[in-house]
Number of protein chains: 2
Amino acid sequence: MKLSTKGRYAVMAMADLAGNSTSHPVTLSEIALRQGLPVQYLEQLFLKLRRQGLIKSTRGQAGGYVLAQHAKNIKISTIMAAVDEPIQVTRCTPNSEYGCQGRPEQCVTHNLWEGLALHILAYLNQISLEDLSNQPVRKCGKLKPMRGKSL
Amino acid sequence: MKLSTKGRYAVMAMADLAGNSTSHPVTLSEIALRQGLPVQYLEQLFLKLRRQGLIKSTRGQAGGYVLAQHAKNIKISTIMAAVDEPIQVTRCTPNSEYGCQGRPEQCVTHNLWEGLALHILAYLNQISLEDLSNQPVRKCGKLKPMRGKSL
DNA sequence: ACATTTTCTGACTAATTTAGTCAAGATTAA
DNA sequence: TTAATCTTGACTAAATTAGTCAGAAAATGT
């Protein structure tokens, strides 16, 4: 059960954008530098984010990217979906070679995985970019779970 | 965010074992047949499950595998861990090339991913093999979320 | 007009992971 | 002994990941 860099980088970059693009557009190289990510990989991701209407771009000098919506309204789940990071815990399609092709007795675990996927989605859908910015800065590695809307 | 077949197959096979090994050991080929999984792949998985003390094996004729503990006490999270299916949503190690190497300001998303991992683990840790067996049989594809301890 | 900065886009690729297969041995029961 | 079964490591084809490369297009400053 892994999260690929695609999803992780996208959220990192969007969080950066949320915090820094308030007055003027932010360039990819700025973000790449601040977050320590490869620029040319970000280009790919931002293309998708723009096509999904999450960000707006300005070309040329003094250009860059800005959020297309208020940070409060952009959910983590939306970002993940935009860069093709699906929450995929079952391969129970009608045509799959293995799995429960219409054989309900083989499907004991199906509900388990479906439930897990719903669980994850609900979690990511409840947290917005704004929530990320508002949390207290904390050293990496020394993690204590938060109360309430636990990040 | 994907679940690999390793974790999925392991849970499927263990659930099968829980339901069928009450009176006598169950062979891998039986499980493979019932669940529609490749035998030789299951061998690999069962090796790990045995080494982690989740199942017991008997060799020779009439041999096979049995649960080493009561189904009630075997949590899904334990099975996943046993076959090396870690819940990995961050790569925030001290030596990673990208990520937040001691730079706390770059770590806005860290708590998010840690929280997600905890969330997933809690979910998988709350469900036992017995829970899987006790749920009502239901056609694959027609899924309605359950109440209470939602599978 | 021109140079510079920036986004935009598709094609390509090396490394890793996944999802197995293959082959040979060890152990036990009949 | 023979057949069934687990045990184990080595191997591999295919897919995915995580990028890189190259160049076009657009906007801006001089």
Side-chain angles (χ1 to χ4, degrees), chain A residues 1-13 17 21 24-33 35-52 54-66 68 80 83-86 88-89 91 96-99, chain B residues 1-13 17 21 24-33 35-52 54-68 80 83-86 88-91 96-99:
Chain A
M1 189 106 229
K2 276 191 208 161
L3 179 68
S4 72
T5 55
K6 231 185 330 187
R8 241 171 13 94
Y9 289 3
V11 175
M12 286 173 75
L17 209 54
S21 71
H24 56 81
V26 171
T27 68
L28 282 190
S29 33
E30 277 182 71
I31 298 178
L33 188 64
Q35 303 296 328
L37 304 175
V39 192
Q40 288 165 315
Y41 195 35
L42 282 182
E43 287 179 354
Q44 281 184 39
L45 301 180
F46 273 60
L47 182 61
K48 292 179 181 172
L49 292 170
R50 186 175 59 82
R51 286 184 176 157
Q52 297 294 321
L54 294 181
I55 54 180
K56 281 184 296 190
S57 64
T58 323
R59 290 186 180 190
Q61 276 187 334
Y65 293 93
V66 190
M80 303 277 278
V83 295
D84 301 319
E85 174 86 53
Q88 191 176 11
V89 293
R91 304 199 188 164
S96 68
E97 184 178 2
Y98 298 130
Chain B
M1 189 106 230
K2 275 190 208 162
L3 179 67
S4 72
T5 56
K6 231 185 331 188
R8 241 168 16 90
Y9 288 4
V11 174
M12 287 173 76
L17 208 55
S21 71
H24 56 81
V26 171
T27 67
L28 281 189
S29 34
E30 276 182 71
I31 298 178
L33 188 64
Q35 303 295 329
L37 305 175
V39 192
Q40 290 166 314
Y41 196 34
L42 282 183
E43 288 179 352
Q44 282 184 39
L45 301 180
F46 273 60
L47 181 61
K48 292 179 180 171
L49 292 170
R50 186 175 59 83
R51 287 186 175 155
Q52 296 294 321
L54 294 181
I55 54 180
K56 281 185 295 192
S57 64
T58 322
R59 291 186 178 189
Q61 274 188 334
Y65 293 94
V66 190
L67 292 187
M80 302 277 277
V83 294
D84 302 319
E85 174 86 53
Q88 191 178 11
V89 293
T90 172
R91 303 197 188 164
S96 70
E97 184 178 1
Y98 298 128

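Residue numbers start from 1 in every chain, and the chains themselves are labelled A, B, ... in the order their sequence lines are given, proteins ahead of strands.
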Peer 1: Please figure out whether A:Ser4 or B:Arg50 has its closest DNA chain D nucleotide nearer the 5' end.
Peer 2: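 The answer here is B:Arg50.
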Peer 1: It should be established whether A:Ser57 places a side-chain nitrogen or oxygen under 4.0 Å from OP1 or OP2 of nucleotide C:dC8.
Peer 2: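 So the side chain of A:Ser57 is within the cut-off, an N or O lying under 4.0 Å from OP1 or OP2 of C:dC8.
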Peer 1: Could you check if a side-chain atom of A:Val89 sits within less than 4.5 angstrom of a side-chain atom of A:Met1, using non-hydrogen atoms only?
Peer 2: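 A side-chain contact under 4.5 Å exists here.
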Peer 1: Within this structure, what is the CD-to-C1' distance between A:Glu43 and D:dA18, rounded to whole angstrom?
Peer 2: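 After rounding, the reported distance stands at 15 Å.
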Peer 1: So what does B:Thr58 touch, heavy atoms closer than 4.0 Å: a base, only the sugar-phosphate, or nothing?
Peer 2: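 The residue B:Thr58 makes sugar-phosphate contact but no base contact.
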Peer 1: Between A:Val39 and A:Arg59, just flag the one whose closest nucleotide in DNA chain D comes earlier from the 5' side.
Peer 2: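 Its nucleotide being nearer the 5' end, the pick is A:Val39.
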Peer 1: Measuring to OP1 and OP2 of D:dT7, would you say a side-chain N or O of B:Arg51 lies under 4.0 angstrom away?
Peer 2: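 So the side-chain polar atoms of B:Arg51 never come under 4.0 Å of the phosphate oxygens OP1 or OP2 of D:dT7.
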Peer 1: Quick one: does A:Leu47's side chain get under 4.5 Å of A:Arg51's, heavy atoms only?
Peer 2: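 Heavy-atom side-chain distance check passes, below 4.5 Å.
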Peer 1: Taking for each residue the nucleotide of DNA chain C with the nearest heavy atom, is it B:Gly60 or A:Phe46 whose nucleotide lies nearer the 5' end?
Peer 2: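 Closer to the 5' end of DNA chain C: A:Phe46.
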Peer 1: For B:Lys2, report the nucleic acid contact type (base, sugar-phosphate, nothing); a contact means any heavy atom under 4.0 Å.
Peer 2: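 Counting heavy atoms under 4.0 Å across all strands, the contact made by B:Lys2 is with sugar-phosphate only.
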Peer 1: Please report the distance, rounded to the nearest Å, between CG in B:Asp84 and C1' in C:dT17.
Peer 2: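 Whole-Å distance recorded here is 13 Å.
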Peer 1: May I have the distance from A:Lys48 (atom NZ) to C:dT7 (atom C1'), rounded to whole angstrom?
Peer 2: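 Checked: the NZ to C1' distance equals 17 Å.
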Peer 1: Check if the side chain of A:Gln61 and the base of D:dT30 share a donor-acceptor pair of N or O atoms closer than 3.5 Å.
Peer 2: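 Side chain to base: no pair present.
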Peer 1: Could you tell me how far apart A:Gln40 (CD) and C:dC12 (P) are, to the nearest whole angstrom?
Peer 2: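 A:Gln40 atom CD is separated from C:dC12 atom P by 17 Å.
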Peer 1: In Å, rounded to the nearest 0.5 Å, how long is the span from CD1 of A:Ile31 to OH of A:Tyr65?
Peer 2: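 Those atoms lie 8.5 Å apart.
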Peer 1: Let me confirm one number: the NZ-CG distance from A:Lys2 to B:Leu3, rounded to the nearest 0.5 Å.
Peer 2: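 Here the interatomic distance stands at 12.0 Å.
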Peer 1: Given A:Leu49, which partner from the list A:Leu17, A:Leu42, A:Ile55 fulfils the side-chain contact (heavy atoms from CB on, under 4.5 Å) test?
Peer 2: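 Exactly one candidate clears the test, A:Ile55.
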Peer 1: From C-beta outward on B:Leu47, which listed nucleotide comes closest to its side chain: D:dC21, D:dG19, D:dT7?
Peer 2: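 It is D:dT7.
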Peer 1: Rounding to an integer number of Å, can you tell me how far A:Leu49 CG sits from C:dC8 P?
Peer 2: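 Nearest whole value for this atom pair: 11 Å.
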Peer 1: I need the minimum non-hydrogen distance between B:Lys56 and B:Leu67, along with the two atoms involved.
Peer 2: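 Where B:Lys56 meets B:Leu67 most closely, the heavy atoms are CE-O, 4.2 Å.
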Peer 1: Establish whether the base of D:dT5 is bridged to the side chain of B:Glu30 by a donor-acceptor pair shorter than 3.5 Å.
Peer 2: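 Donor-acceptor pair under 3.5 Å: no.
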Peer 1: Rounded off to whole Å, could you give me the CG-to-P distance for the A:Leu42 and C:dT6 pair?
Peer 2: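 Checked: the CG to P distance equals 15 Å.
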Peer 1: Whether A:Arg8 contacts D:dT17 is assessed here as follows: a side-chain N or O lying under 4.0 Å from the phosphate OP1 or OP2. Is that the case?
Peer 2: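 Indeed not, no polar side-chain atom of A:Arg8 lies that close.
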Peer 1: Consider the side chain of B:Thr5, meaning its heavy atoms from C-beta on, and name the nucleotide among D:dC6, C:dG20, D:dA18 that approaches it most closely.
Peer 2: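 Within the option list, the nearest is C:dG20.
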Peer 1: Compare side-chain N and O positions of B:Tyr41 against OP1 and OP2 of C:dC22 and report whether any pair is under 4.0 Å apart.
Peer 2: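 The answer is no; no side-chain N or O of B:Tyr41 sits under 4.0 Å from OP1 or OP2.
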Peer 1: Figure out the CE/P separation between A:Met1 and D:dT17, and round it to whole Å.
Peer 2: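 Interatomic distance, CE of A:Met1 to P of D:dT17: 13 Å.
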Peer 1: At under 4.0 Å, does any side-chain N or O of A:Tyr65 touch on OP1 or OP2 of C:dT6?
Peer 2: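 It does not, given that no N or O in the side chain of A:Tyr65 lies less than 4.0 Å from OP1 or OP2 of C:dT6.
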Peer 1: Quick one: A:Leu3 CG to D:dT16 P, roughly how many Å, whole number?
Peer 2: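 About 17 Å, once rounded to whole Å.
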